[in-house]
Amino acid sequence: MNLKKLLLVASLSASLFTQAHAERVKLDTVVATVNDGVILQSEVDQIINRVKEQAEQQGTELPSDKTLRLQAIDKLIEQSLMLQLGDRMGMQISDAQLDQTIANIAQDQGGTIADLRRSVEASGESFQAYREEIRKEITTSQVRRASVDRRIYISPQEVTNLQKILSEQTGNSEEYDIGHILIKIPNKATPEEIEDARERADNVIKFLNEGKEFKRIAIASSSGSKALDGGQLGWMGINEMPTLFAEAIKGAKKDDIVGPLRSGAGFHILKVQDIRGREVVETVEVRSRHILIKPSIILSEEKARSMLTGFVKDLRAGTADFAALAKEYSEDPGSALKGGEYDWTDPTTYVPAFRDTLLSLEKDQISEPFRSTFGWHIVQLLDKRVADKTEQAKLNRAHRLLFNRKFKEESFKWIKEMRDQAHIEIIEAE
């Protein structure tokens, strides 16, 4: 090939590269800035495509792409703020923890990780991108929990009062499947802006009373955190709902539209999509003991797992004592001094990896090492029983209901405060 041809090939290659690079840049244009972070068009497109695919499967009619774009950007802004906070907190999700979570997801879907991979790739998404999205979800969940938990205080008197109310209730407790739409009011809103929001809320109620599909209206109109899920809050008891909702829902019937309800955030519209009774049943309880090793900069994931593998070998051979190992090595401050032992507990209160491993064991059996969100464990099932609901269990339930209610309320306040303090700029599409 002569010099002229070589130069021509080089010129064409450079041209094609420049064109391809320009197309990639165009695909990944910045649509919003969140403090020092950015949100890319490709991220917005990914969410919109998922929503459309889900809507097609469920036969749900969607609003315009412009509305979906705004909802997707709003979701990504909240995610970006939480991920930035997670970075400042030094929160990291290891590959081992991520693998365990993905294995749990696959198991919940009745398949293997290979089945999950095939399903993800069949939808046109790379499995690596899916893994990283799950890593983000774990991070944001842990950031939210760490930030909101410390804002919640529940007094013993609150627990006692609610437990008394629950004990006095007759018949089955009720749970409600709630749909939620929030018409947001801007910070420092003028009377005109408040009235405009009220009118929009009234129009939404009018559309719903005319039989328009709730999910579609929620996706198009709501500013709530579940907007892209069609405003679906899921099943909740009265005592788990925010107080504003609970007082309005009492006595409502299936398919009732409730609202608009005014709060500091705006006007809320609720739909009672279904009602079901909740029966009190006997509870399976387990007594167990475990050893927890937390990976760190000094102690690698593999070293933590290897240590526990050695413990299991010695325990099964009868050359080591579980309680002694737990007191010396376990990093669970709540159980280590007691030889790693937990008293009788409802296993559903444990994190999924711990719960599932524990329930798979026979009495006195010791598990292989496994990973949870807390670190590497081995666990031994000491005993299992079917127990009637005790007074302590009732108090625990009352505490959990109060916590769930306050967590929802404080979580919304926390997100609002974080957004108010952030520098956010949405770049209008050309």
Side-chain angles (χ1 to χ4, degrees), residues 30 32-40 43 46-47 72-105 128-154 187 224-226 265 290 292-305 330-336 349-354 370-377 400 403-426:
V30 175
T33 59
V34 184
N35 295 324
D36 295 330
V38 297
I39 294 172
L40 302 175
E43 296 175 291
Q46 186 178 51
I47 290 180
I73 291 173
D74 196 61
K75 181 183 180 76
L76 288 167
I77 286 172
E78 288 192 4
Q79 183 188 74
S80 179
L81 287 170
M82 286 191 274
L83 291 175
Q84 290 174 27
L85 179 56
D87 286 340
R88 295 197 295 272
M89 295 166 66
M91 189 171 292
Q92 294 183 338
I93 307 302
S94 68
D95 287 340
Q97 183 179 348
L98 180 60
D99 290 339
Q100 182 65 59
T101 301
I102 291 175
N104 292 338
I105 292 172
Q128 184 59 35
Y130 174 82
R131 280 173 54 84
E132 293 309 309
E133 193 62 33
I134 296 298
R135 195 193 301 270
K136 289 179 182 179
E137 289 182 11
I138 298 171
T139 303
T140 56
S141 176
Q142 292 189 5
V143 168
R144 186 190 299 270
R145 177 67 67 179
S147 301
V148 177
D149 276 8
R150 58 187 174 82
R151 297 165 62 113
I152 298 173
Y153 172 73
I154 300 173
N187 291 330
S225 60
K226 296 290 186 179
H290 84 128
L292 168 66
I293 303 295
K294 297 181 179 181
S296 65
I297 297 175
I298 300 173
L299 186 68
S300 68
E301 294 275 349
E302 182 56 34
K303 181 62 176 176
R305 187 190 66 79
S330 182
E331 296 180 73
D332 177 7
S335 68
T349 61
Y350 295 133
V351 294
F354 195 94
F370 64 95
R371 186 66 157 87
S372 81
T373 53
F374 296 103
W376 284 93
H377 309 253
R400 185 172 67 254
F403 179 87
N404 288 344
R405 174 194 292 180
K406 293 191 176 187
F407 187 88
K408 290 181 178 72
E409 294 172 344
E410 289 300 323
S411 182
F412 185 85
K413 292 178 184 176
W414 169 68
I415 285 287
K416 187 174 184 299
E417 290 169 7
M418 198 160 50
R419 292 187 71 134
D420 289 345
Q421 295 167 9
H423 177 73
I424 299 169
E425 182 181 355
I426 298 176

Can you tell me how far the [atom1] atom of [X] sits from the [atom2] atom of [Y], to the nearest 0.5 Å?
X	Y	atom1	atom2	result
Q46	L76	CD	CG	9.0 Å
N404	S411	CG	OG	12.0 Å
E137	L83	CD	CG	10.5 Å
Q100	I102	CD	CD1	10.5 Å
I138	M91	CD1	CE	11.5 Å
I415	E410	CD1	CD	12.5 Å

Looking at [Y] and [X], is there a salt bridge between them, counting it only when a charged N and a carboxylate O are closer than 4.0 Å?
X	Y	answer
D149	R144	no
R371	D95	no
K406	E409	no

Return yes if a side-chain donor-acceptor contact under 3.5 Å exists between [X] and [Y], otherwise no.
X	Y	result
Q128	E132	yes
S80	Q84	yes
S335	D332	yes

| request: Kindly assign one of parallel, tilted or perpendicular to the pair H377 and F354, based on the angle between their ring planes and the thresholds 30° and 60°. | output: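 Plane angle over 60°, so perpendicular.
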
Mind listing the closest non-hydrogen atom pair of [X] and [Y] along with its distance?
X	Y	result
A96	W376	CB-CZ2, 4.2 Å
I47	A72	CG2-CB, 3.8 Å
E43	V38	OE1-O, 4.1 Å
L81	V34	CD2-CG1, 3.5 Å
A304	I293	CB-CG2, 3.7 Å
P295	G375	CD-CA, 4.0 Å

| task | Assess whether salt bridge (Lys or Arg N to Asp or Glu O under 4.0 Å) is satisfied between K294 and E331, documenting all intermediate values. | result | CA-CA 7 Å; K294 297 181 179 181; E331 296 180 73; 5.8 Å; no

| said: Walk me through whether I39 and I77 qualify under side-chain contact (heavy atoms from CB on, under 4.5 Å). | reply: CA-CA 8 Å; I39 294 172; I77 286 172; 3.6 Å; yes

| Cation-pi between R145 and F407: NZ/CZ under 6.0 Å from ring centre and within 45° of the ring axis? |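 Output yes; distance and angle both within limits.
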
| ring pair (Phe, Tyr, Trp, His ring centres under 6.0 Å) against Y130, all qualifying residues, sequence neighbours excluded |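 Applying ring pair (Phe, Tyr, Trp, His ring centres under 6.0 Å) to Y130 gives F127.
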
| message | Among residues at least two apart in sequence or on other chains, which ones pass ring pair (Phe, Tyr, Trp, His ring centres under 6.0 Å) with F374? | response |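 Once residues adjacent in sequence are excluded, F374 has no partner under the ring pair (Phe, Tyr, Trp, His ring centres under 6.0 Å) criterion.
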
| task | List for me each residue that meets side-chain hydrogen bond (donor to acceptor under 3.5 Å, both in side chains) alongside N187, sequence neighbours excluded, and say none if there are none. | result |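 For N187 the side-chain hydrogen bond (donor to acceptor under 3.5 Å, both in side chains) partners, ignoring immediate neighbours, are K416, D420.
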
pair [X]-[Y]: side-chain heavy atoms closer than 4.5 Å:
X	Y	answer
T101	I134	yes
I93	K136	no
R135	Q92	no
Q142	M89	no
L85	R88	yes

| request: List the steps and the verdict of side-chain contact (heavy atoms from CB on, under 4.5 Å) for R419 and E78. | output: CA-CA 8 Å; R419 292 187 71 134; E78 288 192 4; 3.4 Å; yes

| message | Closer than 3.5 angstrom, by distance alone: can the side chain of N35 be matched with the main-chain N or O of A422 as a donor-acceptor pair? | response |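 The answer is no, because no donor-acceptor pair under 3.5 Å joins these two groups.
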
| request: Verify side-chain hydrogen bond (donor to acceptor under 3.5 Å, both in side chains) between Q97 and T373, making sure each step is shown before the conclusion. | output: CA-CA 6 Å; Q97 183 179 348; T373 53; 5.1 Å; no

| For K408, does the NZ atom sit with more than 12 other heavy atoms under 6.0 Å from it, leaving out its own atoms? |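 Buried by this count: over 12 neighbours within 6.0 Å.
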
